[in-house]
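Contents: one structure, followed by commentary.
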Amino acid sequence: MLKAAIIGASGYTGAELAGLIQGHPNLTLSGLYVSDGSQDAHKPFASLHPRWRGVIDLPLLPLDDEALSRIHTEADLVLMATAHEVSHDLAPGFLAKGLPVFDLSGAFRVPGEGFYERFYGFQHQHGDWLSEAAYGLAEWNQDAIKAAKLIAVPGCYPTASLSALKPLQAAGLIAEGSKPIISAVSGVSGAGRKASVANSFCEVSFKPYGVLNHRHQPEISHHLDNQVVFQPHLGNFIRGILATIYVQLNDNVSDEQIAAAYKQAYQGQKIVRLTGQWPQINDVAGTPFCDLHWARDGNQLIVVSAIDNLLKGAASQAIQCINIHQGFSPLAGLVQE
Ligand SMILES: NC(=O)C1=CN([C@@H]2O[C@H](COP(=O)(O)OP(=O)(O)OC[C@H]3O[C@@H](n4cnc5c(N)ncnc54)[C@H](OP(=O)(O)O)[C@@H]3O)[C@@H](O)[C@H]2O)C=CC1
Ligand SMILES: CC(=O)N[C@@H](CCC(=O)OP(=O)(O)O)C(=O)O
């Protein structure tokens, strides 16, 4: 059993990670951490997340110097479910101690001059790790994930979008010079557990946000190797993402070529399901799956992708990455085979 430490374990994705690791046949929890000075330090994990009462009996520990040296000596790998700046600051310390790091934040996903200043509001100080990190889109980057010390788990919208678009891009079916248009809606858990007026029950209403300046637009474009238009919406539900994607195809692309592109990409990959009917959030919420379906009229293709933002969009994809990295069964801890 490998011992996994979770930093940011009281948050939404951290809690999902804790549940998945508790049920994983090859992993065990070595410690659940929050910030030094967190109001939740020393509280039982299950008092914040009663879903795991009687299942996970561990406290949330403050990430002080003693905790850091305990992680350095006792853990076999580190999962960071923390804000971008926190991951940026802390991950290099774990890596320097030889611990593989699986980071759910955006801190190491996109290399590129000025990207972090513009889209994240801070200057990146670890260009070496940024260029070494593997992008953890599990179905697409297995060799890099296996070899890397730092795995940057993709954002939730990029996971939904890239899973739908990469097969078309790989097969050369997207019309040259065209930008696929991604219109996506996310549940409110996408914004994390911390309180804010914008995410409170009485304020949330189905609406667009981040218009023409969301940081996932360059993340998707970079990892697709094709510019996209991306428009997120906040949905008045708790979890899940549904992305409807409009793609201009090259002339004379047949249905058979589209079907073959998706089959080629996902045959034998059980987490991405070609559903044969339109995906819906209820079918993927609480699961590690990504559901895809498409239809076309002439050169206009529409693909719909649905995931759980906290799972395939974060925690379960991190477990997929650990499984690949460690050579465990690809579905270990995720789906009973
Ligand atoms: N929510 C989602 O759907 C997705 C989120 N992500 C990314 O994953 C990361 C986590 O997101 P999410 O779970 O939603 O966030 P939350 O806000 O729900 O949780 C953040 C966690 O980090 C802890 N934390 C804050 N500061 C520190 C620190 N200095 N040291 C250690 N722990 C700290 C918090 O506890 P405390 O403040 O009490 O210390 C809390 O446990 C983010 O980078 C997010 O962008 C990625 C994909 C999807
Ligand atoms: C609803 C909501 O607010 N969603 C988040 C996306 C969360 C996510 O994917 O996280 P990363 O920031 O790690 O990429 C947002 O739009 O910022």
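Numbers here simply count residues along the sequence, with the first being 1. Values below: all heavy atoms of this structure, side chains included; hydrogens, waters and symmetry mates excluded. Counting starts at 1 for both ligands and their atoms, following the listed order.
- Among protein heavy atoms, atom 47 (C) of ligand 1 sits closest to Gly313 O, 3.1 Å.
- Of the protein's non-hydrogen atoms, Arg109 NH2, 2.8 Å is the one closest to atom 13 (O) of ligand 2.
- Under the 30°/60° scheme for interplanar angles, the aromatic rings of Phe122 and Tyr116 are found to be tilted.
- By heavy-atom distance, the residue among Ser38, Gly8, Pro62 lying nearest atom 38 (O) of ligand 1 is Ser38.
- When Phe119, Tyr157, Tyr209, Tyr12 are checked for heavy-atom proximity to atom 16 (O) of ligand 2, Tyr209 turns out nearest.
- Listed by atom number, the atoms of ligand 2 under 4.0 Å from Gly187 heavy atoms are 1 (C).
- For Phe115 and His124, the gap between ring centers reaches or exceeds 6.0 Å.
- Using a 4.0 Å cut-off between heavy atoms, Asn309 contacts ligand 1 through both its backbone and its side chain.
- Counting heavy atoms only, Thr82 comes closest to atom 24 (N) of ligand 1 of the residues Leu90, Thr82, Asp36, Val86.
- Using a 4.0 Å cut-off to heavy atoms of Ala314, the atoms of ligand 1 that qualify are 47 (C), 48 (C).
- When Arg109, His223, Glu219 are each tested for a side-chain hydrogen bond (donor to acceptor under 3.5 Å, both in side chains) with Tyr135, only one passes: Glu219.
- Within the 4.0 Å heavy-atom criterion, neither part of Glu219 lies near ligand 2.
- Among protein heavy atoms, the minimum distance from atom 30 (N) of ligand 1 is reached at Ser35 CA, 3.6 Å.
- Looking at Tyr120 next to ligand 2, no N or O pair under 3.5 Å apart turns up.
- Using a non-hydrogen distance threshold of 4.0 Å, Leu104 registers as a contact of ligand 2.
- Contacts of Ala83 with ligand 1, taken as heavy-atom pairs under 4.0 Å, involve the backbone alone.
- An N or O contact shorter than 3.5 Å is missing between Ser186 and ligand 2 by distance.
- Not one N or O of Ser105 is nearer than 3.5 Å to an N or O of ligand 2, by distance alone.
- No more than 12 heavy-atom neighbours from other residues, nucleotides or ligands sit within 6.0 angstrom of CD on Gln264.
- Side-chain atoms of His88 come within 3.5 Å of backbone atoms of Gln125 as a donor-acceptor pair (strictly under, hydrogens ignored).
- At least one N or O atom of Gly11, backbone or side chain, sits closer than 3.5 Å to an N or O atom of ligand 1.
- Scanning the protein heavy atoms around atom 6 (N) of ligand 1, the nearest turns out to be Leu104 O, 3.8 Å.
- Among protein heavy atoms, the minimum distance from atom 12 (P) of ligand 1 is reached at Thr13 OG1, 3.7 Å.
- Each of the atoms 1 (C) of ligand 2 lies under 4.0 Å from some heavy atom of Leu234.
- For atom 8 (C) of ligand 2, the candidate residues are Ala107, Cys156, Ala81, Gly235; the nearest heavy-atom contact is made by Cys156.
- When only interatomic distances are considered, the shortest N/O to N/O separation between Ser189 and ligand 1 falls below 3.5 Å.
- Among the atoms of Ile7, none of the N or O lies under 3.5 angstrom from an N or O of ligand 1.
- Ranking the protein heavy atoms by distance from atom 40 (C) of ligand 1 puts Ser10 OG, 3.4 Å first.
- Under the 4.0 angstrom criterion for non-hydrogen atoms, Ser189 is not in contact with ligand 2.
- Note on Ile151 and Ile71: separate hydrophobic clusters, where clusters join Ile, Leu, Val, Met, Phe, Trp and Tyr whose side-chain heavy atoms are under 4.5 Å apart, directly or indirectly.
- Atoms of ligand 1 found under 4.0 Å from any heavy atom of Arg193 (numbered from 1 in listed order, with element): 16 (P), 17 (O), 18 (O).
- Below 3.5 Å of separation, one finds no N or O of Gln39 facing any N or O of ligand 1.
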